[in-house]
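Throughout, numbering of the chain's residues begins at 1 and tracks the sequence. Everything numeric in this text was worked out from a predicted model, so none of it was measured. Just so it is clear, the values below take in all heavy atoms, side chains as well, and ignore hydrogens, waters and symmetry mates.
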Amino acid sequence: KEKMNLNPQTGILDIKPVKSGEQMDIEKLMAIIRKQESGSFAGDYSADRAKNVKPGKRHDTASGAYQFNNKTWQGVLEKELNMPGVLKQYPRAVDAPKDVQDQIMRARIEKWRKEGHSDNEIVLHHFTGNKQGKLDVRAQRGNPTPAEYRAQVASHAAEYDRANAPQPAKSDVAAATSGPITTQPT
């Protein structure tokens, strides 16, 4: 039975795991963020919102499987992870191959976890770009609220769990379906 957890303080669905201090598998967390940001658990590493901006509209630079905007990508590589060489080679997230995008996201999650952040905080920090999990006024236009984003991520986590649940062995299915079918008189 699926268990969704409503945080009584915020009224927001929490992503699993729910035990204090427990963390989900990092590959699962990355897959859930990819699903939220680029549309599938596998991720669209070539996603580039800058290509879809209509004339006269705000320029969106988000790209790659994790949809890093240019300013965040640059800040992560220069300051947060101290990887200026990677930035020179890949000035935008979309320029980096799959393994580099995953390496950056994994390093970021590991860093935040070492700082004591929960998976829920990590998800919001990635979305909002700040540890407080708040969007600035410009970012609020056209984006879900942090609460909506977190609820969407919780839904993806449940979907991921269903898609990756262990399947019964064929011999178990055959045993359960073999034999005579009986009906009860009504």
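- A distance-only check finds a donor-acceptor pair linking the side chain of Gln67 to the backbone of Gly64 [under 3.5 Å].
- The OG atom of Ser63 sits 8.5 Å away from atom CG of Asn69, with the distance rounded to the nearest 0.5 Å.
- Closest approach of Glu148 and Pro144 over heavy atoms only: OE1-CA, 3.2 Å.
- Counting heavy atoms from C-beta outward, Asp119 and Val123 have side chains that stay 4.5 Å or more apart.
- Proximity of Lys28 to Asp161: side-chain heavy atoms (C-beta onward) are separated by under 4.5 Å at one or more points.
- Taking 4.5 Å as the limit, every side-chain heavy atom of Arg92 sits out of range of all side-chain heavy atoms of Gln74.
- Taken to the nearest 0.5 Å, the CD1 atom of Ile109 stands 7.0 Å off from the OH atom of Tyr66.
- Closest approach of Tyr160 to Ile32, counting heavy atoms only: CB-CG1, 4.3 Å.
- Residues Arg34 and Asp102 are paired through a salt bridge, judged by an N-O separation under 4.0 Å between the basic side chain and the carboxylate.
- Crowding of Lys111 atom NZ: a count of heavy atoms from other residues, nucleotides or ligands under 6.0 Å exceeding 12.
- For the atom pair Gln36 CD and Ser155 OG, the distance stands at 9.0 Å (nearest 0.5 Å).
- Remark: Thr128 engages Asn130, Leu135, Pro146 in a side-chain contact (heavy atoms from CB on, under 4.5 Å) (not counting sequence neighbours).
- The CG atom of Leu87 sits 11.0 Å away from atom NZ of Lys79, with the distance rounded to the nearest 0.5 Å.
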Give the C-alpha distance, both sets of side-chain angles, the deciding distance and a yes or no for side chain to side chain contact (heavy atoms under 4.5 Å, CB included) between Lys98 and Gln103. CA-CA 8 Å; Lys98 175 186 184 301; Gln103 175 189 358; over 6 Å; no
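- Cluster membership for Val94 and Met30, using ILVMFWY side-chain heavy atoms within less than 4.5 angstrom, is not shared.
- Judged purely by atom type and a 3.5 angstrom limit, Thr61 uses its side chain to pair as donor or acceptor with the backbone of Asn70.
- One distance of note links NE2 of His117 with CG of Leu124; it measures 12.0 Å at 0.5 Å rounding.
- Using cut-offs of 30° and 60° for the angle between ring planes, the Phe127 and Tyr149 rings count as parallel.
- Residues passing the side-chain contact (heavy atoms from CB on, under 4.5 Å) test with Ala96 are Trp73, Tyr90, Val100, Gln101, sequence neighbours excluded.
- A side chain to side chain contact (heavy atoms under 4.5 Å, CB included) with Arg113 is found for one member of Arg108, Gln23, Glu121 and no other, namely Gln23.
- Put simply, the side chain of Glu110 does not reach to within 4.5 Å of the side chain of Met105, judged on heavy atoms.
- Between Lys35 and Glu159 there is a side-chain heavy-atom pair separated by less than 4.5 Å.
- Side-chain atoms of Asp44 and Ser46 form a donor-acceptor pair, as typed in the model, at a separation below 3.5 Å.
- With hydrogens and angles ignored, the 3.5 Å screen pairs a side-chain donor or acceptor of Gln167 with a backbone N or O of Ala165.
- The closest side-chain heavy-atom distance from Glu37 to Phe68 is not below 4.5 Å.
- Looking only at side-chain heavy atoms (C-beta outward), Gln132 and His125 stay at 4.5 Å or farther from each other.
- For Gly43 against Ser38, the heavy-atom pair with the smallest separation is CA-OG, 3.5 Å.
- Placement of Ile104 and Leu29 within a single hydrophobic cluster is found when ILVMFWY residues are connected by side-chain heavy-atom separations under 4.5 Å, directly or transitively.
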